[in-house]
Amino acid sequence: MTPTTPHPLPWPGALPASARSRLETVLAALPEHRRTTFALRVARWWDDLVEGLAPYPDPPEVASRVVELAGTAYLSRSEDLHLLDERRSLEPDWFQRPGMIGYAAYAERFAPAGSGLAGVARRVDHLKDLGVGYLHLMPLLRPRPAPNDGGYAVADYRQVREDLGTMEDLREVAGVLREQGVSLCLDLVLNHVAREHPWAAAARAGDERYRRYFHVFPDRTVPDQYERTLLEVFPDFAPGSFTWDEELGGWVWTTFNSYQWDLAWDNPDVFCELVDVILFLANQGVEVLRLDAIAFLWKRMGTQCQNEPEVHQLTQALRAAARILAPALVFKAEAIVGPNEVVHYLGQGRHHGKVSDLAYHNSLMVQIWSMLASRETRLATRALGRFPAVPSTTAWITYLRCHDDIGWAIDDADASAVMIEGWRHREFLSQFYSGDFEGSFAEGVVFQQNRATNDARISGSAASLAGLGRALDALDVAFDEQSAAEAATAVDQAVARVLLGYAIVYGWGGIPVLWSGDEVAALNDEGWDAIPEHADDNRWVHRPRLDWDCVVEAREDPTSPTGRVYAGLRHLAQVRSRLPHLHASVPAEVVASPDPGVFAVVRRHPVGPMLALYNVTEQPRQVPGWWASEIGLPLDQAIDALNGYPPNLSADGSVYLSTYQPVWLVRP
């Protein structure tokens, strides 16, 4: 039999011949179908890659370097990850589906004490019980010694924290999760590295190549010019954005802390280094990368050095590079910015659908807490209703709480539109959730108060902010039947607030993410400052170790406060998974409810509309039946998906909502 002649690989015509030749040499050991697949991916993503590299003088040259890095990484990609790539190529909406629930945790605080990453793998059953298909493990790449900004000062992108294990352990955990249908998400800090990172160490040692990896200035002239328009991230303990380093012999840009050196993304060598890191992590089985501090990458004099156009160009190039190696990998932008800016991280204009696949909906979290404090929905309706449309191939990450503090991102124009003063409302929320406002149910802690503007951010667990701690304390000291009854009512209301908040989060679409401990209504950690390196950062108050005894009790006693929250979250996940309306490609349309105490969201799917109603008050509320009909959902044709029954109607045909009740109305 005459041997067949191999077909020429389908490289893009614009790929330089020299790069093509080197790639074919690198890939020569692979079977023909693997080489063909790689070449087809390069052809598919070449234009996006080159276009995204426009900030550099020679985009095709940098693109060629990137493709060669991808080719080398492709050689070591495992068979099970190749299979995952094929599956995800056929199911590109895998992360948009209604059955997708997320969970976020610190590995050492989620796993049994001292068990490291191996202990995470032993807790997969807990995740599956909550409907989780996406696990975000908080920073676990090797940081500098404390202080290290909770792990965000990375000293080595290719090693795991020693107390958690090794990179081999991470690969094994990723494999166990993948077998159970859970995708692993890790943080990738893009804006900066630790002062101890090898690149920074080389710069301090006098290596000019690595000195150019950072923004270094001989004196304060240029830094002072930049400082005129820069915002301080940590005004209390890290004022300013530049730090003098004696070994470096210059002022280095440090947006966050003095030990976190901003990378010079205007240097294409930095871009290629981070591409190589992304490819490496993808080959460990990571399926989602949280692009930390992405808004800060590009520096431009006279601006806040956030959200510059080059950020979106370079993100497009990073995504194209990742798609060439690993179509299974998706990007999540950590950009806590206003609505007009955050939508660009999911792709607007020429970057439509070409940048991050996921982005945090910080405004939704802020507005949920605002509604619960004010018992009023007009501001939320205005603020959330004006979000620009995002690509149908992307999804929001929604959440009630996360590892970070809550900054009251209330836009002055939104507040003014509903006859509220923005600064006054932000001040009210800070006072309310720190417990300083008369009648507040919350127990939060002030974090990073700006003395000039009086803005203050808040730390605290979801359950404590919802009032469960105060209510339980009152129940413990109740001295008569009346006070006991009042305290019991307060407990019920606090539980209802937590579940209402999560109902809004789960009913928004996208990927709702459950913060570890919220499933058992964990309260503030009273011993948060016992670890010395945590003592100056009260965000650790809402990062407690998950109490596994409490998890067991919650499962066994669904009538207790923790049991009710646990059962309620499981129920939300189960109902959500059955509703096609909650596919992320279907936009959430915020509508003004006739009752300002009811928050209303419509999702229009081909199977019919879904009308979600949320009573954000302690008092019963009603929504007219005629209004629901005008939305497109006559009440005689609707059921509440959360209980499977027709909605509870009052005598005049209005939908009746009890204290903090959520209702998801759909056609049966």
Side-chain angles (χ1 to χ4, degrees), residues 98 361 364 367-368 370-372 374-387 389 396 398 417-418 496-497 499-510 512 568 571-572 574-668:
H361 206 317
L364 180 64
Q367 293 298 339
I368 291 172
S370 174
M371 287 188 288
L372 290 173
S374 66
R375 285 78 163 181
E376 227 276 345
T377 68
R378 290 179 301 155
L379 176 59
T381 299
R382 159 72 185 188
L384 298 171
R386 72 177 184 88
F387 262 69
W396 291 111
T398 60
V418 295
R497 288 186 197 105
L499 290 176
L500 177 75
Y502 268 109
I504 297 173
V505 166
Y506 278 48
W508 190 263
H571 180 65
L572 284 172
Q574 291 165 0
V575 174
R576 185 181 195 277
S577 68
R578 300 192 292 266
L579 294 176
H581 317 73
L582 290 171
H583 192 284
S585 63
V586 180
E589 177 188 342
V590 180
V591 292
S593 164
D595 186 327
V598 176
F599 183 57
V601 182
V602 178
R603 303 179 67 82
R604 302 187 187 279
H605 190 276
V607 302
M610 170 179 167
L611 174 59
L613 302 173
Y614 305 99
N615 179 3
V616 301
T617 79
E618 300 97 328
Q619 305 301 320
R621 296 285 180 166
Q622 297 188 50
V623 174
W626 62 261
W627 179 79
S629 295
E630 286 192 355
I631 292 292
L633 190 61
L635 295 181
D636 60 356
Q637 300 176 19
I639 63 165
D640 179 1
L642 289 171
N643 60 30
Y645 293 101
N648 188 8
L649 301 182
S650 59
D652 65 356
S654 296
V655 181
Y656 176 90
L657 294 98
S658 61
T659 299
Y660 296 119
Q661 183 183 0
V663 170
W664 290 353
L665 298 176
V666 296
R667 289 197 177 104

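Bear in mind the structure is a predicted one, so any value in this text is a computation, not a measurement. The figures that follow rest on heavy atoms only: side chains count, while hydrogens, waters and symmetry mates do not.
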Report summary line: Output for pair (L499 CG, Y660 OH), nearest 0.5 Å, gives 12.5 Å
Requested in this report: Report the C-alpha separation of R667 and L633 in whole Å, then their side-chain angles, then the decisive distance to 0.1 Å, and conclude whether the side-chain contact (heavy atoms from CB on, under 4.5 Å) test is met.
Outcome: CA-CA 8 Å; R667 289 197 177 104; L633 190 61; 3.7 Å; yes
Report task. Please report the closest heavy-atom contact between Q367 and A380, naming both atoms and the distance. Result -> OE1-CA, 3.3 Å
Query raised in the report: How about S370 and L379: do any of their side-chain heavy atoms sit closer than 4.5 Å?
Result: yes
Query raised in the report: Yes or no on side-chain contact (heavy atoms from CB on, under 4.5 Å) for V623 and V663, after CA distance, side-chain angles and deciding distance?
Result: CA-CA 11 Å; V623 174; V663 170; over 6 Å; no
Requested in this report: Determine whether V655 and L649 make a side-chain contact, defined as any pair of heavy atoms from C-beta on separated by less than 4.5 Å.
Outcome: yes
Query raised in the report: Considering residues at least two apart in sequence or located in another chain, which fulfil the side-chain contact (heavy atoms from CB on, under 4.5 Å) criterion with R578?
Result: Q574, V575
Report summary line: In this structure, CD of Q619 is separated from OG1 of T659 (nearest 0.5 Å) by 6.5 Å
Report summary line: Between Y614 and W664 the two heavy atoms that sit nearest each other are OH-NE1, 3.0 Å
Query - Qualifying side chain to side chain donor-acceptor pair (under 3.5 Å) pairs with a residue from residues 593-605, counting only residues at least two apart or across chains - result: E589-R604, D595-R621
Report task. Calculate, to the nearest 0.5 Å, the distance between atoms CD1 and OH belonging to I368 and Y502 respectively. Result -> 9.5 Å
Query raised in the report: When rounded to the nearest 0.5 angstrom, what distance separates CG in L572 from CG in L642?
Result: 6.5 Å
**Report entry** I504 side chain reached by M371 side chain, heavy atoms, under 4.5 Å
**Finding:** yes
Requested in this report: Kindly say whether G597 contributes a backbone atom to a donor-acceptor pair with the side chain of T377 at under 3.5 angstrom?
Outcome: no
Query raised in the report: Which pair of heavy atoms, one from S585 and one from P587, lies closest together, and at what distance?
Result: O-CD, 3.5 Å
Query - Gap separating the CG atom of L665 from the CD1 atom of I631, nearest 0.5 angstrom - result: 11.0 Å
Report summary line: residues 623-635 vs side chain to side chain donor-acceptor pair (under 3.5 Å), sequence neighbours excluded, gives none
Report task. Give the minimum heavy-atom separation between R576 and G509, together with the two atoms involved. Result -> NH2-C, 3.5 Å
Query raised in the report: What do the steps show when you test D640 against Y645 for side-chain contact (heavy atoms from CB on, under 4.5 Å), and what is the final call?
Result: CA-CA 6 Å; D640 179 1; Y645 293 101; 6.0 Å; no
Query raised in the report: Going by heavy atoms in the side chains, are V591 and V601 under 4.5 Å from each other?
Result: no
Query raised in the report: Would you call E618 and R497 a side-chain contact if the rule is heavy atoms closer than 4.5 Å?
Result: yes
Query raised in the report: What pair of heavy atoms forms the shortest contact from L611 to A628, and how long is it?
Result: CD2-CB, 4.0 Å
Report task. Have a look at W508 and tell me which of H581, H361, H583 forms a ring pair (Phe, Tyr, Trp, His ring centres under 6.0 Å) with it. Result -> H361
Query raised in the report: Which pair of heavy atoms, one from I639 and one from P668, lies closest together, and at what distance?
Result: CG2-CB, 4.0 Å
Query raised in the report: Under 6.0 Å between the ring centres of F387 and W396?
Result: yes
Report task. State, yes or no, whether a side-chain contact exists between V590 and F599 at a heavy-atom distance under 4.5 Å. Result -> yes
Query raised in the report: Any side-chain heavy atom of P98 within less than 4.5 Å of one from L579?
Result: no
Report task. Could you walk me through whether Y656 and N615 pass the side-chain contact (heavy atoms from CB on, under 4.5 Å) test, one step at a time? Result -> CA-CA 10 Å; Y656 176 90; N615 179 3; over 6 Å; no
